[in-house]
Protein chains: 2
Amino acid sequence: MTGTSPRRGGSTLAEVAKAAGVSKMTASRVLRDASGFSSETRDRVLREVERLGYVPNRLAAAFGSDQTSTLVGVCVPRLTSSLFGSVLDSIDHTLSKFGYQTMIGAHEQSPQAEESWLRAILAWRPAGVILSGRKHTPGTVEILRAQSIPVVEIWNLNTSPLDVSVGFNHFDCGYEMGRFMLGRGHSNIAYVGAESNAAGMGEVRYQGFENALADAGVECVAKEVLVDRPGFYAGFYGTETVLSRNAEIDSIYYHDDTMAVGGLFYCKSKGMRIPDDIAIAGWGGMEVASVLPERLTTTSVTTQALGKSAAEALVARIREEPVEDVLVASTRLVPGNTV
Amino acid sequence: MTGTSPRRGGSTLAEVAKAAGVSKMTASRVLRDASGFSSETRDRVLREVERLGYVPNRLAAAFGSDQTSTLVGVCVPRLTSSLFGSVLDSIDHTLSKFGYQTMIGAHEQSPQAEESWLRAILAWRPAGVILSGRKHTPGTVEILRAQSIPVVEIWNLNTSPLDVSVGFNHFDCGYEMGRFMLGRGHSNIAYVGAESNAAGMGEVRYQGFENALADAGVECVAKEVLVDRPGFYAGFYGTETVLSRNAEIDSIYYHDDTMAVGGLFYCKSKGMRIPDDIAIAGWGGMEVASVLPERLTTTSVTTQALGKSAAEALVARIREEPVEDVLVASTRLVPGNTV
DNA sequence: TTCCATTAAGTTACCGGTAACGTATTGCTC
DNA sequence: GAGCAATACGTTACCGGTAACTTAATGGAA
């Protein structure tokens, strides 16, 4: 249509250099703002860059000089969650400020999916990767070691990370909520979660939760983990299931706020009073809960901060600057009036 | 720590070839499954690939042979929306099946942000890009033309696309809902939306909506568009604002379901009956609405299908296979009991 | 004035693949 | 058995940058 299209990607550095009457190397130096050129030369080069609409070829740059790739791979459980979306948003925003490009992937809590994503991504020689899986396959660990590439594990706090870990203390979140619910006089306590593949961090929160109950000599009377994505729908039906099996239940701790909201609506649809007939607690501090007539008892988490810290830590590791191995992103139990 | 790390990225094709006793080119052919080698040679090469843990360098491949990059850039308004998350998920999933890598970006409905993202991404010589902005800057359009790169515009149906458009007919969604609400006897109808920067597709839906009312000789009595991200919170407060200014309002059309749910809770908190005192309609068919005691009147949309179609269309364009210029993703008005 | 450090360049080689082309061997047809 | 196509390779050059090294000019100190 537009006639013979010029070579894809337009002009090259050599053309810019020639037009400016300098060598490729000098032009390269100007564009990377390295030293070794006069201000007149810089102006001349930049003028030609502008005139020719030169777009540098990062592929060539990353390829040519080993170790200089500015690609970063990020693999999250799923892209449809507002919490992971927020983390991803924050990571992408921070990384792009530092000049890195984000390549994404979703693993749905499947360690195998994470590994195959990793294999594909490593072919791009990324400067680093950010993982969120709870467990990694032996293959994943081996590859990462072999490539000796910076890795930031996010979401869960990992006290013995592969490299760097930035996350929430899910165990403590669960423990704290367990104590809180006990403190409000509940004793027939259930847990309702959902996992699409292998268990994710919800399981860690459950462990903390269970520990809190055990420390008080209480047992969790029911645990229902649906094979599904966590969400409103799963919360609704998980609640139905668990209550139909055990009518004594007086309180439920949910995988997250979406499930808690789903459960809340189930309970209300059955005419139960909250928290008198049944108490409900979530996790995540999601926006949806903020508009409910009830103030949902939950744990609010700092996803933006987590994403920013993770991205910054990764950049620091890439630049071989000192970084803390383990960074905690804060969480806070928000007592509402549903427990 | 781990001693002198070997060259980043491990072994090269040359090493594999040497170990297998063939030339680089033959090894390359085997790995790309091209023709021109015997089955014994293939086995020998693949054995060495396995033994050496060879990871191909896609950077080199993409760089070396012009036109063969398998990178695709995707820029969505934001990553925290379940709808865009679902589209992105579907795009990423489909693209990776075809061997492409997704590089993301978020523009928050700012055409400038989209342009600067595009400039950055083009430096990677992507095989194609997927855009979702309603408007593009002149610069964006010019760059795309100059690079003659396949582009798929998603989300809105664009009858005169830059290249290919895959989207929903937002205008019709609005029009249809307008007629539906009128048909239920409402006449003091308001609209509540939110836009973080420039107007997005919500504005297109509003235009369709307004047209439906106008065709029936009715005027939209109030339009409140918050400068904020669409969400539960914005829906709640937007409703408060619009109702405080006009007590006559008997029905509200919202930017999307999250805002509608926010509005629903505001109305219920004020003791209003739905739909008798006030009718509520959303857009998107989001999961959150499925667990409400009320069945929200909304337009359900096929985000997965949209993402898949967009990815497939882009791949087809890259491969220079014939593609429809304009592909419609389906939407369906779901009458609930909130209107 | 001589010497040396500094600045502003240029030159060369190379990153790891792939395209294009060349060549030896095999097997088949006429 | 000559001619030819198909198969299975090998060789060479190149993509567009950057690292590492070299060179020329300048200026200040001894």
Side-chain angles (χ1 to χ4, degrees), chain A residues 6-45 48-49 52-71 99 122-127 147, chain B residues 6-45 48-49 52-71 99 122-127 147:
Chain A
R7 174 174 65 278
R8 260 285 279 297
S11 42
T12 70
L13 187 62
E15 287 165 18
V16 171
K18 193 174 175 189
V22 297
S23 70
K24 261 170 69 174
M25 202 58 219
T26 299
S28 173
R29 281 194 267 254
V30 169
L31 287 174
R32 281 176 299 135
D33 203 26
S35 58
F37 52 84
S38 63
S39 57
E40 306 144 55
T41 302
R42 185 190 50 227
D43 294 347
R44 214 141 27 101
V45 170
E48 294 305 320
V49 164
L52 296 169
Y54 170 68
V55 178
N57 187 338
R58 306 264 260 163
L59 232 38
F63 165 63
S65 70
D66 213 26
Q67 304 289 57
T68 324
S69 154
T70 52
L71 293 170
L122 282 181
W124 292 100
R125 303 292 187 269
Q147 304 278 326
Chain B
R7 175 174 64 278
R8 259 288 278 297
S11 41
T12 70
L13 186 62
E15 288 164 16
V16 171
K18 193 176 175 188
V22 297
S23 70
K24 261 170 68 174
M25 201 57 219
T26 300
S28 173
R29 281 192 267 254
V30 168
L31 287 174
R32 280 176 298 136
D33 203 27
S35 59
F37 52 85
S38 64
S39 58
E40 307 145 57
T41 302
R42 184 189 50 227
D43 294 347
R44 215 142 25 100
V45 170
E48 293 305 321
V49 163
L52 295 169
Y54 170 68
V55 178
N57 188 337
R58 304 265 258 163
L59 233 38
F63 165 63
S65 69
D66 213 26
Q67 303 290 55
T68 325
S69 155
T70 52
L71 293 170
L122 282 180
W124 292 99
R125 303 292 187 266
Q147 305 278 325

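All chains are named by letter (A, B, ...) in the order of the sequence lines, taking the proteins before the strands, and each is independently numbered beginning at 1.
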Practice item. Check whether any side-chain heavy atom of A:L13 sits under 4.5 Å from a side-chain heavy atom of A:L31, and report yes or no. Key: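 Sidechains of A:L31 and A:L13: in contact.
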
Check your understanding: How close do B:V16 and B:V45 get, heavy atom to heavy atom, and via which atoms?
Key -> CG1-O, 4.1 Å

Check your understanding: Closest approach of A:A19 and A:L52, non-hydrogen atoms and distance?
Key ->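 Where A:A19 meets A:L52 most closely, the heavy atoms are CB-CD1, 4.3 Å.
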
Exercise for review: Apply side chain to side chain contact (heavy atoms under 4.5 Å, CB included) to B:T12 and B:N57, showing your working.
Suggested key: CA-CA 8 Å; B:T12 70; B:N57 188 337; over 6 Å; no

Point to revise | Helical bend (five base pairs per end, nearest 10°) for the helix from C:dT1-D:dA30 to C:dC30-D:dG1 | key: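 That helix gives 40° between its end axes.
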
Check your understanding: Which residues pass the side-chain contact (heavy atoms from CB on, under 4.5 Å) test with A:A17, sequence neighbours left out?
Key -> A:V22, A:A27

Calculate the interatomic distance between [X] atom [atom1] and [N] atom [atom2]; express it in whole Å.
| X | N | atom1 | atom2 | answer |
| --- | --- | --- | --- | --- |
| B:L31 | C:dT18 | CG | C1' | 12 Å |
| B:F63 | C:dG17 | CZ | P | 13 Å |
| B:L59 | C:dG17 | CG | C1' | 11 Å |

[N] phosphate, OP1 or OP2: any side-chain N/O from [X] under 4.0 angstrom?
| X | N | result |
| --- | --- | --- |
| A:S28 | D:dT18 | yes |
| B:R58 | C:dT18 | no |
| B:Y54 | C:dG16 | no |

Identify which nucleotide among [options] has an atom closest to any side-chain atom of [X], counting heavy atoms from C-beta outward.
| X | options | result |
| --- | --- | --- |
| B:A61 | D:dG17, C:dA19, C:dG17 | C:dG17 |
| A:T12 | D:dG17, C:dG16, C:dA19 | D:dG17 |
| A:L13 | D:dT18, D:dG17, C:dC15 | D:dG17 |
| A:A60 | D:dT18, D:dG16, C:dG16 | D:dG16 |

Point to revise | Nearest-0.5 Å distance that lies between atom OG in B:S35 and atom CZ in B:R29 | key: 8.0 Å

Review point. Quick one: CZ on B:R125 to CD on B:Q147, what's the gap to the nearest 0.5 Å?
Key: 6.0 Å

Exercise for review: Classify every nucleotide of nucleotides 5-10 of chain D by which part a protein heavy atom approaches to under 4.0 Å, writing B for the base, S for the sugar-phosphate alone and - for neither, in 5'-to-3' order.
Suggested key: ---SBB

Check your understanding: Okay, side chain of B:R58, backbone of A:W124: is any donor-acceptor separation there less than 3.5 Å?
Key ->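 No; judged by distance alone, with no hydrogens or angles, the pair does not exist.
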
Review point. Can A:L71 and B:L59 be said to form a side chain to side chain contact (heavy atoms under 4.5 Å, CB included), step by step?
Key: CA-CA 11 Å; A:L71 293 170; B:L59 233 38; 4.2 Å; yes

